[in-house]
Amino acid sequence: MTEETVTQMIKEVDLPFAYHHFAEGEAPQLPYLIYLYPESIEFSADSKVYAKGAVLRIELYSEIRDMAAERRIESVLDSYEMFYHKQELFIDSEHLYEVMYEMEVPVMG
């Protein structure tokens with residue numbers, strides 16, 4: 001999956017987003033998305049890397065649990081036929097909800 005495809009997919013959710021983080025003091029109004037690749041996945045064959053992939057994480061941040069935003073994210077992921085794992089947590093220090101979607105994606109040019 002190319003970076004352009006990932007960016008297009010995230011744009012379709014129609015929320016502000018950034019790769020990894022927003023610069024200090026530049027975060028938009030909630031809710032917003034962050035996406036990153038926290039881990040690479042390599043498939044080996046014949047003692048070399050045969051195929052490359054990555055874990056793509058999309059994080060939704062909101063003041064209250066935003067079920068409408070979650071449905072939009074899931075609808076977009078479903079339209080791209082992405083298999084994802086979903087987690088939710090509350091960040092006490094920030095008083096924010098974080099809903100994370102993780103999926104494995106092939107890395108292409």
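Sequential numbering from 1 along the given sequence is applied to the chain's residues.
By the rule that hydrophobic residues join a cluster once side-chain heavy atoms approach within less than 4.5 Å of another member, Leu33 and Val55 end up as members of separate clusters. Both Leu30 and Leu89 are assigned to one and the same hydrophobic cluster, defined by single-linkage of ILVMFWY side chains at heavy-atom distances under 4.5 Å. Hydrophobic clustering (ILVMFWY, side-chain heavy atoms < 4.5 Å, transitive): Tyr19 and Ile58 are in one cluster.
Not a single donor-acceptor pair under 3.5 Å links the side chain of Arg57 to the backbone N or O of Tyr35. With hydrogens and angles disregarded, a donor-acceptor distance shorter than 3.5 Å links the side chain of Thr7 to the backbone of Glu3.
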Audit row: Glu70, Arg65, salt bridge (charged side-chain N to carboxylate O under 4.0 Å, His left out) steps and yes/no: CA-CA 9 Å; Glu70 290 178 40; Arg65 179 112 187 251; 2.7 Å; yes

Verdict with supporting geometry, Val105 and Met82, side chain to side chain contact (heavy atoms under 4.5 Å, CB included): CA-CA 9 Å; Val105 295; Met82 302 298 295; 3.4 Å; yes

Worked verdict on Gln8 versus Tyr80 for side chain to side chain donor-acceptor pair (under 3.5 Å): CA-CA 11 Å; Gln8 179 58 41; Tyr80 280 80; 4.9 Å; no

Salt bridge (charged side-chain N to carboxylate O under 4.0 Å, His left out) assessment of Arg72 paired with Glu12: CA-CA 9 Å; Arg72 284 202 317 267; Glu12 290 178 27; over 6 Å; no

Residues Leu36, Ile34; criterion side chain to side chain contact (heavy atoms under 4.5 Å, CB included); working and verdict: CA-CA 7 Å; Leu36 61 149; Ile34 297 294; 4.0 Å; yes

Glu74/Tyr101 under side chain to side chain donor-acceptor pair (under 3.5 Å): CA gap, chis, key distance, verdict: CA-CA 9 Å; Glu74 292 165 18; Tyr101 297 86; 2.8 Å; yes

Full working for side chain to side chain contact (heavy atoms under 4.5 Å, CB included) between Leu77 and Tyr84: CA-CA 8 Å; Leu77 294 176; Tyr84 55 87; 3.7 Å; yes

Worked check of side chain to side chain contact (heavy atoms under 4.5 Å, CB included) between Lys52 and Ile41: CA-CA 6 Å; Lys52 297 179 183 180; Ile41 303 168; over 6 Å; no

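For the residue pair Pro16 and Phe22, the shortest heavy atom distance occurs at C-CZ, 4.4 Å. Shortest non-hydrogen contact noted between Leu56 and Tyr37 is CD1-CE2, 3.8 Å. Closest heavy-atom contact between Met9 and Val76: O-CG1, 3.2 Å. Residues Ser62 and Asp66 approach most closely at OG-N, 3.9 Å, considering heavy atoms. Scanning all heavy atoms of the two residues, the minimum distance from Leu60 to Ala69 falls at CD2-CB, 3.9 Å.
Surrounding CZ of Phe83 are at most 12 heavy atoms belonging to other residues, nucleotides or ligands under 6.0 Å away. Summarising the local packing, CD1 of Ile64 is surrounded by 12 or fewer heavy atoms from other residues, nucleotides or ligands at distances under 6.0 Å. Dense packing is recorded around CD of Glu88, with more than 12 heavy atoms of other residues, nucleotides or ligands lying under 6.0 Å away.
Atom CE of Met100 sits about 12.0 Å away from atom NZ of Lys86, to the nearest 0.5 Å. Note that CD of Glu63 and CD of Gln29 are 8.0 Å apart. Values are rounded to the nearest 0.5 Å.
Residues Tyr97 and Tyr61 keep their aromatic ring centres 6.0 Å or farther apart.
For the pair Val99 and Gln87, the minimum side-chain heavy-atom distance is 4.5 Å or more.
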